[in-house]
Amino acid sequence: MNNKQKGIVTVGIFLFLFSGGWYANEWNKRMIHEKGMNQSDLYEIQSLEDRNLRHTEPFQPREYIRISDRFSHFSE
């Protein structure tokens, strides 16, 4: 088997696997949609405005990090 035949076989295997993955992905999306498992409106995301953030207080016990708005200290 020469290099040209090996290249053709390699490209064929790649295209077969790529198209199979594409089909499996589309089938999976369709099944999720048909079964109603994509109800993303059931989840509520907490934003920074919803939390009472303490910027100047020291860390409390077992409070190792404090996540806050990056630019909040500029507006104060």
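- Phe18 and Ile13 are not part of a single hydrophobic cluster, where members link through side-chain heavy atoms under 4.5 Å apart.
- Using a 4.5 Å cut-off between side-chain heavy atoms of Ile, Leu, Val, Met, Phe, Trp and Tyr, with links allowed through other members, Leu17 and Val11 fall into different hydrophobic clusters.
- Put simply, Phe16 and Val9 are part of the same group of oily side chains (I, L, V, M, F, W, Y) that touch within less than 4.5 Å, one to the next.
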